[in-house]
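This chain uses plain numbering: 1 for the first residue, then up along the sequence.
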Amino acid sequence: MTNEQRTSEPLSMATVLLAGVAVVMWAAWRGWDQHYEVRPDGSTTGPYEAWQVIGLGLGLLIPVCAAAFRGRGAAAVLGPSGGLTLAAAYDWSDDASGLFVIGVGMVMIGSAAATALAAVLTSTLHRAVTGAGRPGH
């Protein structure tokens, strides 16, 4: 088995595992709240509260950083952003206006950007820490 074959198989499994984690976390943080809040002035907000979105993001930060720390940067980006995109598409697909597609696209782009940033920062920090301890670095 070549080195490329060894790394591509775990990368695929890591991607699928991270996508599954993202779907479960979506359901835990956002899947149960489908009601809009009506303010006293008649305007509506929701269906999600800020703490739900922040909780989802912070909860996904741990597996994303763990994957990037282990050298699985692509899985750290593709898995969670793919899982969140699928969860959002499923959760919002009953929207009669059809505008859910725009929201799903925003989830896809935003989650890919956020996980890429987290993965790059984690990988950079990991290289800096491990490289600093080696002789000659």
Side-chain angles (χ1 to χ4, degrees):
M1 186 180 264
T2 67
N3 191 28
E4 184 177 316
Q5 288 172 327
R6 271 186 250 127
T7 58
S8 66
E9 186 176 330
L11 177 65
S12 299
M13 187 57 106
T15 304
V16 171
L17 178 65
L18 287 167
V21 167
V23 168
V24 168
M25 292 199 59
W26 178 283
W29 284 101
R30 299 178 78 178
W32 53 271
D33 188 2
Q34 301 294 322
H35 302 289
Y36 288 88
E37 304 294 325
V38 179
R39 295 180 178 162
D41 66 357
S43 63
T44 58
T45 182
Y48 310 113
E49 299 291 331
W51 63 268
Q52 291 173 285
V53 178
I54 293 167
L56 175 62
L58 290 177
L60 282 174
L61 190 61
I62 295 167
V64 166
C65 291
F69 185 82
R70 290 181 173 85
R72 303 282 186 229
V77 175
L78 296 175
S81 59
L84 290 177
T85 301
L86 288 173
Y90 176 79
D91 195 17
W92 300 339
S93 64
D94 60 350
D95 176 42
S97 71
L99 291 176
F100 79 95
V101 175
I102 295 170
V104 169
M106 292 173 69
V107 166
M108 181 178 62
I109 293 167
S111 62
T115 54
L117 178 63
V120 167
L121 290 175
T122 301
S123 296
T124 302
L125 181 63
H126 181 252
R127 279 194 303 272
V129 169
T130 58
R134 293 185 193 163
H137 284 95

For residues [X] and [Y], report the shortest heavy-atom separation together with the two atoms involved.
X	Y	answer
Leu18	Ala75	CD1-O, 3.3 Å
Pro63	Val21	CG-CG1, 4.1 Å
Phe69	His126	CE1-CD2, 2.8 Å
Met108	Ser81	O-CB, 4.4 Å
Glu49	Glu37	OE2-CG, 3.8 Å
Ala76	Ala68	CB-N, 4.1 Å

For the backbone of Arg39 and the side chain of Ser43, can you confirm whether one donor and one acceptor N or O come within less than 3.5 Å of each other? no
Return yes if some donor-acceptor pair links the side-chain N/O of Thr122 with the main-chain N/O of Ala119 below 3.5 Å, else return no. no
Value rounded to 0.5 Å, distance of [atom1] in [X] from [atom2] in [Y]:
X	Y	atom1	atom2	answer
Trp51	Leu58	CH2	CG	13.0 Å
Leu99	Trp92	CG	CH2	12.0 Å
Asp91	Leu86	CG	CG	12.0 Å

Is there a path of hydrophobic side-chain contacts, each under 4.5 Å between heavy atoms, that joins [X] and [Y]?
X	Y	value
Val53	Val107	yes
Leu78	Val64	no
Ile62	Leu56	no
Leu61	Leu121	no
Met106	Val77	no

Mind checking whether Tyr48 and Trp26 have parallel, tilted or perpendicular rings, split at 30° and 60°? perpendicular
Tell me whether the count of non-hydrogen atoms from other residues, nucleotides or ligands lying under 6.0 Å of CZ in Phe100 goes above 12. yes
Under the side chain to side chain contact (heavy atoms under 4.5 Å, CB included) criterion, do Leu60 and Leu84 qualify, and how do the steps go? CA-CA 10 Å; Leu60 282 174; Leu84 290 177; 3.6 Å; yes
pair Val23-Tyr90: side-chain heavy atoms closer than 4.5 Å: no
